[in-house]
Amino acid sequence: MAVGRIWVVTESSGGVASPAGLELLAAARRLAPVVEAVHWGGDAAEVAAVLGGHGATRILTVGDLEGALPAVPVAAALAARIEASGPPDAVFLTASYDQRDLAGRLSARLDRPVLTNAVGVTEGADGLLAEHAAFGGSTVVRARITAPPPHLFVFRPRTFAAEAAGGPPADVEVLAVPDTGAAGAATIVHRHVAERAGPALDEASVVVAGGRGLGDPSRFGLIEQLARRLGGAPAGTRAVVDAGWVPYSYQVGQTGTTVKPTVYLACGISGATQHLVGMKGARHIVAINKDRDAPIFGVADLGVVGDVTKVLPRLLEALDARDDRGGTQ
Amino acid sequence: MEWVGEYAGMKVAVCVKQIPDPATPGRLDPTTNTLVRDGKLILDDSDAYGVEMGLQLVDAAGGGEVVLVSMAPHRETGGLRTALAMGADRAVLVSDDALAGSDALGTAKVLAAAIRPLGADLVLAATESTDGYTGTTPVQLAELLGLPSVTFAKRVELEGGGLRVRRQTEAGYDEVTCPLPALVTVTAGVVEPRYPSFKGIMGAKNKPVDVHTVADLGLDPAAAGWSGARQVIVDVAPSEQRRAGEVVEDQGDAHQAIIRFLEQIKVL
């Protein structure tokens, strides 16, 4: 069953396309001859060149949503487009806040199942096979949808590498939004952008993460300091997020953000499968933990058996001293 | 405060999942390739936040009702009793062998059928379960019920006859207003779930749990369970494993090993 057409959901802001959509365009292009981008916001014309350059021949845009949360109007517009002109074989989405909502809305509206948390996709004899990491990533489960198209897949961010294809700017097709009634009534009245000194967690090349081994929320300052010192992003486990030490946006793991930095420093983290699945893609892993048998040491390139509350202050001090000497020792 | 009147008698339905204890390792059934769900089920930790939020909002509304809604095999109520002990008023449980193998959409259809007759002003759920973490069921449910939804709520307040919600975003958070009835999913840590008191635990034993089958709810059995899922697991294989590297004991000098490592990989 050859795949003919894939819709890739993209997000953009102020004319800048987010990397996740470009990653999915690269994957979709390898699987289908026709790849089209789904878009909302007022900047379709501005992103036509970059989306076209990454393989989209057309942008299906819902336009400016004027503060409405996107999932309901975008799902309604796509359903109407499918009603009028037929479905694509598949829709690829990223596990972002808005697109997880969109996946749910589309699935229920079209009465189609959705496969989420995919970390890969291949073409099988009977259609697309989505790969899922199970049991902390020790197992790969491949699944296929047997319902009629469109087949909905939600991928974890950073699953694929974005790659320009050199195509011309994409055509822009504006989709009308049908009346969404009460379901479409949630409205954004204010957008708060958190002040962030360093890089975004999912884009940082260095991630310094703290777990319950820190013992006390006040010691999370050590994680923040080391992240700042290395030009990286601070992060936490589900345990410290649940305990209220840091906000949800810090969370790395199965529930939370997936990161693929150059180096991941796991500080006071035992390595529960819930956590490992979100960080095992790091190129290098350094772990500090008191318990020699902690699972985190099974994936670490360098493991330090020790008290993180003692090692981190010494590490910060040594980095300062190293700076004063002007570089390598 | 006039808003108290506006919300008086507010009915909150809280979706809760009863899951195998996450502390015990999961496994797949070798013939069906789905998670094995035998043994005792407990309240998913993620759902304790929704239960707490429901209790607090009903308090703020000046009274009302918190109804738990759950789908579980074998008329399992272990997790429901925990949430009832926290203070929820009653529970609706859908339990039917025909539901085995249900996917997220099938589950949403079942929950929608169970919630529709309640006439809830607000439906609360976790952002995703701890065991399956598909994370789409609540929004599928909202679509089936024709409700607006606000997901990833960090804060929920009653305002102007509706809700004002802080919704987590990649950049920070959005302030979102939403009329009622609505569905909201709450992130972990949004409120501090109370511990059930002794009185609560004793009282929970006598709180009503209505158990429904698929037929009771007027659902087509083909819409849920294995056949309704319309997806199959093709194969299961071990993934490429990372190999453990060097492990050193800290003798007061381990920070030097870390610095050398960071230099080697050119992070320093």
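Per chain, numbering begins at 1; letters A, B, ... match sequence-line order.
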task: For A:D242 and B:Y49, run side chain to side chain contact (heavy atoms under 4.5 Å, CB included): C-alpha distance rounded to whole Å, both residues' side-chain angles, the deciding distance at 0.1 Å, then the answer.
output: CA-CA 10 Å; A:D242 281 2; B:Y49 302 99; 3.5 Å; yes
message: Report which part of A:L106 has an atom under 4.5 Å of a heavy atom belonging to chain B: side chain, backbone, both, or neither.
response: neither
message: Shorter than 4.5 Å, heavy atoms on both sides: which option in A:T180, A:V241, A:L319, A:V154 has the most such pairs with chain B?
response: A:L319
- line: Among A:A75, A:A183, A:G306, the residue with the most heavy-atom pairs under 4.5 Å to chain B is A:A183
statement: Of A:S205, A:A287, A:P247, A:A185, the largest count of non-hydrogen pairs under 4.5 angstrom with chain B goes to A:A185
query: Given a strict heavy-atom distance threshold of 4.5 Å, which part of B:D235 is in contact with chain A: side chain, backbone, both, or neither?
result: both
task: Please state whether the side chain, the backbone, both or neither of B:A182 comes within less than 4.5 Å of a heavy atom of chain A.
output: neither
task: With a 4.5 Å cut-off on heavy-atom pairs, point out which of B:G106, B:A142, B:A108 contacts chain A the most.
output: B:A142
- prompt: Is chain B contacted by the side chain of A:R238, its backbone, both, or neither, given a heavy-atom distance below 4.5 Å?
  reply: side chain
- line: Honestly, the part of A:A147 sitting under 4.5 Å from a heavy atom of chain B is both
Contacting moiety of A:L302, where chain B heavy atoms sit under 4.5 Å: both
- prompt: When only pairs under 4.5 Å are counted, which of B:K109, B:E143, B:K266, B:Q231 shares the most heavy-atom pairs with chain A?
  reply: B:E143
- line: Cut-off 4.5 Å, heavy atoms of chain B, and the answer for A:V206 is side chain
field: Nearest non-hydrogen partners of B:T136 and A:R100, listed with the distance
entry: CG2-O, 4.3 Å
- line: Whatever's closer than 4.5 Å to a heavy atom in chain B on A:V304 counts as both
- request: Compare every heavy atom of A:V311 with every heavy atom of B:H255, then report the nearest pair and how far apart it is.
  value: CB-O, 4.2 Å
message: Counting only non-hydrogen atoms closer than 4.5 Å, does A:D301 touch chain B with its backbone (N, CA, C, O), its side chain (CB onward), both, or neither?
response: both
task: Look at A:R314 together with B:D253 and state whether they make a salt bridge at an N to O cut-off of under 4.0 Å.
output: no
- prompt: Does any heavy atom of chain A fall under 4.5 Å from the side chain of B:A254, the backbone, both, or neither of them?
  reply: both
message: Please check: side-chain N/O of A:T116 versus main-chain N/O of B:T134, any donor-acceptor pairing under 3.5 Å?
response: yes
statement: Honestly, the part of A:I145 sitting under 4.5 Å from a heavy atom of chain B is both
query: Looking at CZ of A:R142 and CD1 of B:I233, how far apart are the two atoms once the value is rounded to the nearest 0.5 Å?
result: 12.0 Å
- prompt: Distance from B:Q140 atom CD to A:D111 atom CG, nearest 0.5 Å?
  reply: 10.0 Å
statement: If one checks every heavy atom of A:I188 against chain B at 4.5 Å, the contacting part turns out to be both
Per-residue contact mode, B:S149 against chain A (heavy atom under 4.5 angstrom): both
query: Does atom CD of B:E157 have more than 12 heavy-atom neighbours, drawn from other residues, nucleotides or ligands, at distances under 6.0 Å?
result: yes
message: Can you tell me which portion of B:L147 sits under 4.5 Å from chain A's heavy atoms? Options are side chain, backbone, both or neither.
response: backbone
- request: Identify which of B:C178, B:P238, B:A244, B:A237 forms the greatest number of heavy-atom pairs closer than 4.5 Å to chain A.
  value: B:A237
query: Please walk me through it: do B:I259 and A:L315 pass side chain to side chain contact (heavy atoms under 4.5 Å, CB included)?
result: CA-CA 8 Å; B:I259 287 176; A:L315 179 58; 3.6 Å; yes
message: Let's test your reading of the structure: which of A:E131, A:K310, A:R144 forms the most heavy-atom pairs below 4.5 Å with chain B?
response: A:R144
Compile the donor-acceptor pairs under 3.5 Å between side chains in residues 160-168 of chain B and protein atoms, sequence neighbours left out, one pair per line.
{"from": "B:R164", "atom 1": "NE", "to": "B:E175", "atom 2": "OE1", "distance (Å)": "3.2"}
{"from": "B:R164", "atom 1": "NH1", "to": "B:E159", "atom 2": "OE2", "distance (Å)": "3.2"}
{"from": "B:R166", "atom 1": "NE", "to": "B:E175", "atom 2": "OE2", "distance (Å)": "3.3"}
{"from": "B:R166", "atom 1": "NH2", "to": "B:Y173", "atom 2": "OH", "distance (Å)": "3.3"}
{"from": "B:R167", "atom 1": "NE", "to": "B:T151", "atom 2": "O", "distance (Å)": "3.3"}
{"from": "B:R167", "atom 1": "NE", "to": "B:T151", "atom 2": "OG1", "distance (Å)": "3.3"}
{"from": "B:R167", "atom 1": "NH1", "to": "A:D98", "atom 2": "OD1", "distance (Å)": "2.8"}
{"from": "B:R167", "atom 1": "NH2", "to": "A:Y97", "atom 2": "O", "distance (Å)": "3.3"}
{"from": "B:R167", "atom 1": "NH2", "to": "A:D98", "atom 2": "OD1", "distance (Å)": "3.1"}
{"from": "B:R167", "atom 1": "NH2", "to": "A:D101", "atom 2": "OD2", "distance (Å)": "3.1"}
{"from": "B:R167", "atom 1": "NH2", "to": "B:T151", "atom 2": "OG1", "distance (Å)": "3.3"}
{"from": "B:Q168", "atom 1": "OE1", "to": "B:K154", "atom 2": "NZ", "distance (Å)": "3.3"}
{"from": "B:Q168", "atom 1": "NE2", "to": "B:G172", "atom 2": "O", "distance (Å)": "3.4"}

field: Audit row: B:V267, A:H284, side chain to side chain contact (heavy atoms under 4.5 Å, CB included) steps and yes/no
entry: CA-CA 11 Å; B:V267 165; A:H284 304 282; over 6 Å; no
- request: Could you pull out the closest heavy-atom pair between A:V140 and B:S239, with the gap in Å?
  value: CG2-CB, 3.3 Å
- request: Please flag which part of B:T137 lies under 4.5 Å from any non-hydrogen atom of chain A: side chain, backbone, both or neither.
  value: neither
query: What's the verdict on side chain to side chain contact (heavy atoms under 4.5 Å, CB included) for A:V114 and B:L105, showing C-alpha distance, side-chain angles and the deciding distance?
result: CA-CA 8 Å; A:V114 53; B:L105 181 56; over 6 Å; no
Heavy-atom proximity to chain B below 4.5 Å, by part of A:L115: side chain
field: A:L230 and B:L262, any side-chain heavy atoms less than 4.5 Å apart
entry: yes
- prompt: What heavy-atom pair brings B:R242 and A:K280 nearest, and what distance separates the two atoms?
  reply: NH1-O, 2.9 Å
Portion of A:L102 that has a non-hydrogen atom of chain B nearer than 4.5 angstrom: neither
message: Taking every non-hydrogen pair under 4.5 Å, which of A:V263, A:T262, A:L312, A:V72 racks up the most with chain B?
response: A:V263
field: Residue B:T187 versus chain A: region with a heavy atom under 4.5 Å
entry: side chain
- request: For chain B, find which of A:A200, A:G232, A:A143 contributes the most heavy-atom pairs closer than 4.5 angstrom.
  value: A:A143
statement: Heavy atoms of A:A186 and B:V150 approach each other most closely as CB-CG2, 4.1 Å
statement: CZ (B:F152) and OG (A:S96) are apart, to the nearest 0.5 Å, by 8.5 Å
statement: Rounded to the nearest 0.5 angstrom, the CZ-CG distance for A:R109 and B:L144 is 11.5 Å
